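The block underneath contains the structure these notes are about, expressed in C-alpha cells.
Both ligands and their constituent atoms are indexed starting at 1 by order of listing. Small disclaimer: the values here were computed from a predicted structure and weren't measured.
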Amino acid sequence: MLPKELEEIIDVVLVHNNWRRRETINLIASENVMSPLAELVYLNDMAGRYAEGTVGNRYYQGTKYVDLIEDVLTKRFAKALGATYVDVRPVSGTVANLATYFALFPEGGVVASLPVKYGGHISHNTVGGLKALRLKMVELPWDLDRFNIDVDRARKVIEETKPNLVILGGSLYLFPHPIREIAEIAKASGAYVLHDSAHVFGLIIGGVFPNPLKEGAHVITTSTHKTFPGPQGGLIAAVVEDKVNDLQRAVFPVFTSNYHLHRYAATYVTLVEMEHFGAEYARRVVENARALAEALAEQGVPPVAEALGYTRTHQVAVDVSKFGGGDKVAAKLEEANIIVNKNALPWDKSVLKPSGIRLGVQEMTRFGMGKDEMREIAKFIARVLSGEDPAGVRRDVAEFRKAYLEIKYGFKIDRELVDKVFKSLGLYT
Ligand SMILES: Cc1ncc(COP(=O)(O)O)c(C=O)c1O
C-alpha cells in the first residue's frame with residue numbers, strides 16, 4: 001500500500017497523461033510527443049549518472065556506455081547537419097544559447113537580435129539570457145509587409161553598431177529568416193552568426209526548411225523537443241573550428257555539470273526515426289499549418305500574414321484583439337481542451353498584453369491528423385471565439401481526439417521489449 005499522498009500524486013500524473021495526450025488538441029508550438037520507442041528508452045539508469053567532461057575524457061568512472069551513446073549521437077547529428085562540431089550536452093536550448101555566447105565572446109559585447117514581439121526568444125533578449133551575461137542588445141529591424149527581418153535596415157544597424165553576434169531564428173517563426181543575406185552582412189562586419197533553430201529543427205532535419213549552416217550561419221543552437229520530437233534537451237552545431245575548445249569548455253565546466261544523460265538514447269532513437277519518417281512528417285507539418293490557417297480564415301478568424309500565404313513552418317499566428325486578446329482567448333480555448341499560448345505580435349505595445357495566439361500543428365500531425373482534421377480544429381476554435389459555451393466544445397473535442405491516439409512516424413514497440421526494459425531496471429522480476 002502506498003501512502004495516500006503518493007497515490008494522489010500518481011493519480012495526478014495519470015490524469016495529466018490522459019488529458020494532455022488523449023483528450024486535448026495540443027497546439028503549443030514548442031511541444032511534441034516522443035515516439036513510443038524513444039519514450040521507452042528514455043526510462044534508463046543514466047538518469048541518475050554523471051559523465052562530466054567529454055567522450056573519452058571524463059572525470060568519473062563508469063561512463064563507457066554513456067560515452068558510446070554520446071559519441072554516436074554527436075556524429076550522427078554532425079553528419080545530418082553538415083557540422084564540424086556538435087555538442088549534445090546542453091540540457092536545453094537556453095543553456096545552448098548562453099554557452100555559445102560565452103564561448104564566442106567571453107569578455108562580453110553586443111548582440112543584434114529580435115525583440116520578443118518580432119519572434120525573438122527571451123534568451124536573445126536583455127530580460128533573459130543577455131541579462132545574465134551582461135550583454136548589450138541592438139534590435140534587428142522588422143519588415144511588417146514581409147513578416148520578416150528588414151535586410152536593408154539590418155545592414156545599417158549591423159554596420160553602425162558592429163555587434164559581436166547576430167542572432168536569427170525565433171519563437172514566433174512563420175517564414176525562414178534571410179540567413180544568407182544577413183550572414184554575408186554580419187561576416188563582413190566581423191560578427192558571428194547564430195541561428196536559433198529550436199522551433200524549426202525537425203523541419204530542418206526533415207528537409208523542408210533551409211539548413212542554416214549551409215546558408216552561412218556559424219552556429220546553430222536548438223532544443224531537441226519541438227518540431228524535432230525528441231526528449232527535452234539542447235544542442236549546439238557549428239562550423240567554427242577555432243572555437244571548438246571554447247564551446248566545449250563553455251558547456252562544461254561553465255554552464256552544466258550533469259547533462260541529463262538518460263535523454264541521449266531517446267534523442268538517438270528520434271534522430272534515426274526522423275531519417276526514416278522525417279521527410280514525410282515535416283512535409284505534412286507545413287502542409288497542415290497552411291491548411292489550419294486557411295480554414296481559420298474561412299471561419300472568420302484570420303491569421304496574420306495572409307498576403308504571404310500565412311506560414312512556411314509549423315506555426316500559425318492569429319491576432320485575437322477583437323475577441324478579447326491573447327490572454328483571454330487562450331484561457332477560453334483551454335476550457336474547450338484546445339491548448340494554445342498567448343503570444344505578442346509585432347504591433348503590440350507590451351509583451352505582457354499580447355494581442356495574439358500562436359498555434360503549432362506538429363504534435364497533432366504526429367497523432368495522424370491531416371488537412372481535413374485541421375479544418376475541424378479551425379471550426380472548434382471558431383465556435384469558442386464566437387462565444388459558444390466551451391464545455392460543449394470540450395465534449396466534442398474529446399470525442400474527436402478518440403480517432404487520433406496513436407503516435408505515427410516512429411517504429412512500433414512490442415510487449416517483449418517493454419518487459420526487457422522494465423526488468424533491466426528492476427521494476428519487476
Ligand atoms: C527560439 C527558441 N530558442 C530557445 C528556446 C529555449 O529552449 P529551452 O526551453 O529548451 O531552453 C525556445 C523555447 O521555446 C525558443 O523558442
With a 4.0 Å cut-off, would you call Arg20 and Glu31 a salt bridge? yes

For atom 10 (O) of ligand 1, find the nearest protein heavy atom and state the residue, atom name and distance (0.1 Å precision). Gly93 N, 2.8 Å

Closer than 4.0 Å to some heavy atom of Gly170 - which atoms of ligand 1 meet that? 1 (C)

Protein heavy atom at shortest distance from atom 16 (O) of ligand 1: Ser171 OG, 2.7 Å

In terms of residue, atom name and distance, what is the protein heavy atom nearest to atom 3 (N) of ligand 1? Asp196 OD2, 2.6 Å

Ligand 1 atoms in contact with Ser223 (distance to a heavy atom under 4.0 Å): 7 (O), 8 (P), 10 (O)

Would Ser30 count as being in polar contact with ligand 1, using the rule that some N or O on each side must be under 3.5 angstrom apart? no

State the atoms of ligand 1, each with its element, that fall below the 4.0 Å cut-off from a heavy-atom position in His225. 10 (O)

Evaluate whether atom CD of Gln232 has more than 12 neighbouring non-hydrogen atoms of other residues, nucleotides or ligands under 6.0 angstrom away. no

For Arg58, look at atom CZ and say whether over 12 heavy atoms of other residues, nucleotides or ligands are found less than 6.0 Å away. yes

Between Lys332 and Glu335, does any NZ, NE, NH1 or NH2 come within less than 4.0 Å of an OD or OE carboxylate oxygen? yes

More than 12 heavy atoms from other groups under 6.0 Å of CD on Glu275: yes

Considering only heavy atoms of Ser92, which atoms of ligand 1 have at least one such atom less than 4.0 Å away? 8 (P), 10 (O), 11 (O)

Against the six-membered ring of Tyr281, is Arg366 placed for a cation-pi contact (under 6.0 Å from the centre, within 45° of the normal)? yes

Quick one: look at Gln232 and ligand 1, take heavy-atom pairs under 4.0 Å, and tell me if it's side chain, backbone, both or neither. neither

Which of Thr313, Val286, Thr311, Val285 passes side chain to side chain contact (heavy atoms under 4.5 Å, CB included) with Val361? Answer is Val285

Specify the protein heavy atom at minimum distance from atom 9 (O) of ligand 1: its residue, its atom name, and the distance to 0.1 Å. Lys226 NZ, 4.2 Å

